[in-house]
Amino acid sequence: MGVRKLLLIIFSLIILLVLLTHSSEHSVDTSAMREFLESQYVPEVGLLRASITSYPDNETIWLANDNVLAERALRLLGSPLWGNVSEALRRYNISYVQK
């Protein structure tokens, strides 16, 4: 179940990034997306957890994939948390390279 949930979150973040990239062509309500991502934020580490409620994902924080995508999505959504996530990833020598 943990792997399935992780894949669902990654897939959702990819769809979010695609929607946000093309948002000028389509009307997209991003407030719920932003609220969901911000609800996953763990201030003590500056990153997003894999899940809010289901164990062990509620105690799991994935650096690559989840938080790299979340950093980009939070930035596109205008969330101030994107900078915190970006800084935390830098502490682990992980960054999103935009081409």
Side-chain angles (χ1 to χ4, degrees):
M1 171 143 167
V3 173
R4 188 180 307 172
K5 185 170 251 178
L6 174 63
L7 291 175
L8 178 63
I9 290 171
I10 291 171
F11 183 70
S12 299
L13 286 171
I14 291 170
I15 289 173
L16 170 65
L17 291 175
V18 169
L19 286 173
L20 290 174
T21 302
H22 297 91
S23 65
S24 61
E25 300 171 15
H26 306 286
S27 176
V28 177
D29 179 17
T30 58
S31 60
M33 296 176 198
R34 177 177 165 172
E35 185 177 307
F36 169 75
L37 289 174
E38 290 177 343
S39 74
Q40 304 288 74
Y41 184 70
V42 180
E44 295 81 10
V45 292
L47 297 168
L48 281 67
R49 68 179 59 120
S51 173
I52 296 175
T53 56
S54 66
Y55 181 83
D57 291 336
N58 62 336
E59 295 181 0
T60 303
I61 296 174
W62 299 102
L63 293 175
N65 293 338
D66 279 19
N67 275 285
V68 171
L69 290 172
E71 172 196 5
R72 175 85 168 128
L74 287 167
R75 183 163 55 109
L76 289 171
L77 290 166
S79 173
L81 294 179
W82 85 267
N84 298 4
V85 174
S86 180
E87 179 59 34
L89 288 171
R90 263 195 294 273
R91 286 194 304 266
Y92 292 101
N93 294 318
I94 296 174
S95 65
Y96 172 78
V97 179
Q98 187 174 10
K99 294 182 179 183

Engineer: What pair of heavy atoms forms the shortest contact from Leu89 to Glu71, and how long is it?
Structural biologist: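 Nearest pair, atom of Leu89 first, then Glu71: CD1-OE1, 3.5 Å.
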Engineer: Can Leu74 and Tyr41 be said to form a side-chain contact (heavy atoms from CB on, under 4.5 Å), step by step?
Structural biologist: CA-CA 11 Å; Leu74 287 167; Tyr41 184 70; 5.9 Å; no
Engineer: If every non-hydrogen atom of Pro80 is compared with every non-hydrogen atom of Glu38, which pair is closest and at what distance?
Structural biologist: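 Heavy-atom minimum between the residues: CD-OE2, 4.2 Å.
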Engineer: Between Ala88 and Gly46, which heavy-atom pair has the shortest distance, and what is it?
Structural biologist: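 Nearest pair, atom of Ala88 first, then Gly46: CB-O, 3.6 Å.
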Engineer: With side-chain contact (heavy atoms from CB on, under 4.5 Å) as the test, would you mind laying out the steps for Arg72 and Leu76 before giving the verdict?
Structural biologist: CA-CA 6 Å; Arg72 175 85 168 128; Leu76 289 171; 4.0 Å; yes
Engineer: Evaluate the side-chain proximity of Met33 to Leu37: yes if any heavy-atom separation is below 4.5 Å, no if none is.
Structural biologist: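 With C-beta onward as the side chain, the pair stays apart.
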Engineer: Test your reading of the model: is there a side-chain donor-acceptor pair from Ser86 to the backbone of Gly83, 3.5 Å cut-off?
Structural biologist: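 No, the answer is negative, given that no donor and acceptor are paired below the 3.5 Å cut-off.
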Engineer: Would you name the heavy atoms of Val85 and Leu48 that are closest together and state the gap between them?
Structural biologist: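 Here Val85 and Leu48 meet closest at CG2-CD1, 3.6 Å.
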Engineer: Which heavy-atom pair separates Arg91 from Val45 by the least distance, and what is that distance?
Structural biologist: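 Scanning both residues completely, I find the closest heavy atoms to be NH2-O, 3.3 Å.
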Engineer: Can you tell me how far apart CG (Leu47) and CG (Leu81) are? Round to the nearest 0.5 Å.
Structural biologist: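 Answer for the CG-CG pair, Leu47 versus Leu81, is 11.0 Å.
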Engineer: With no hydrogens and no angle check, is any side-chain donor or acceptor of Arg49 less than 3.5 Å from a backbone partner on Val42?
Structural biologist: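 No: the side chain of Arg49 does not pair with the backbone of Val42.
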Engineer: In terms of heavy-atom contacts, does CD of Glu87 have more than 12 from other residues, nucleotides or ligands at under 6.0 Å?
Structural biologist: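 Counting other residues, nucleotides and ligands, CD of Glu87 exceeds 12 neighbours.
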